[in-house]
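Data block below; observations after.
No hydrogens, no waters, no symmetry mates; every other heavy atom, side chains included, goes into these values. Because the structure is predicted, anything quoted here is derived from the model rather than measured. Throughout, protein chains are lettered first and strands after them, A, B, ... in sequence-line order, and every chain is numbered starting at 1.
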Amino acid sequence: DAGVIQSPRHEVTEMGQEVTLRCKPISGHNSLFWYRQTMMRGLELLIYFNNNVPIDDSGMPEDRFSAKMPNASFSTLKIQPSEPRDSAVYFCASSPAAGSGNSPLHFGNGTRLTVT
Amino acid sequence: DAKTTQPPSMDCAEGRAANLPCNHSTISGNEYVYWYRQIHSQGPQYIIHGLKNNETNEMASLIITEDRKSSTLILPHATLRDTAVYYCIVRVKSGGSNYKLTFGKGTLLTVNP
């Protein structure tokens, strides 16, 4: 089991540029979550998918953020245009089934984004 | 709204048991209590979860009070590698039959030699 795989591990970009973060969930997991972590706000849930369908995107900060899950083994989180306040560690997590309150989330090691 | 309250920090001596408390007084009958920890620069790591009964696995034990308004995570023999932020989370419904985890600030556990 390779776990949840995120890429890149680190991303440094200039303000105004487009940023794409990638996530490969654990095979067989039906649910995928995107979190953002900063010192000020802690871990925040941005959006999650169940069977590739977005279920709750109430945590997405604004229209500059978008997430897709074209198939069961891949998801992207895109920021366009990026701003310095988007600097954070972005985590992806997957779970066997969001439809059960009894399924742990498995997290990747995150992407550290720095926007200058 | 994380629905849980934890002390911001705790210390524990290496080799001793670490008991981390959590209050979740507004928990509903079908909501599970989850514990995760986050070691610096890594993603959160699942530890254990429970609904009503006490639970034990290779990492820890979870003691849930009978009224379910609080719980305690027990690391029986803490090591230096257990130094981390520990999150107690109530998994709540998010539309239909879906659930989500909302993290609070957690407890920074420092294990001292």
#### Entry: Which atoms of B:Q38 approach chain A - backbone, side chain, both or neither, heavy atom under 4.5 Å
side chain
### Task
Decide yes or no on side chain to side chain contact (heavy atoms under 4.5 Å, CB included) for B:L101 and A:L105, but give the supporting numbers first.
CA-CA 9 Å; B:L101 285 178; A:L105 267 62; 3.9 Å; yes
Can you say whether the rings of [X] and [Y] are parallel (under 30°), tilted (30 to 60°) or perpendicular (over 60°)?
X: A:F33; Y: A:Y48; answer: parallel
X: B:F103; Y: A:Y35; answer: perpendicular
X: A:H29; Y: A:H106; answer: tilted

### Proximity breakdown for A:L45 and chain B, heavy-atom pairs closer than 4.5 Å
side chain
## Note on the structure
The interface call for A:E44 against chain B, heavy-atom contacts under 4.5 Å, is neither
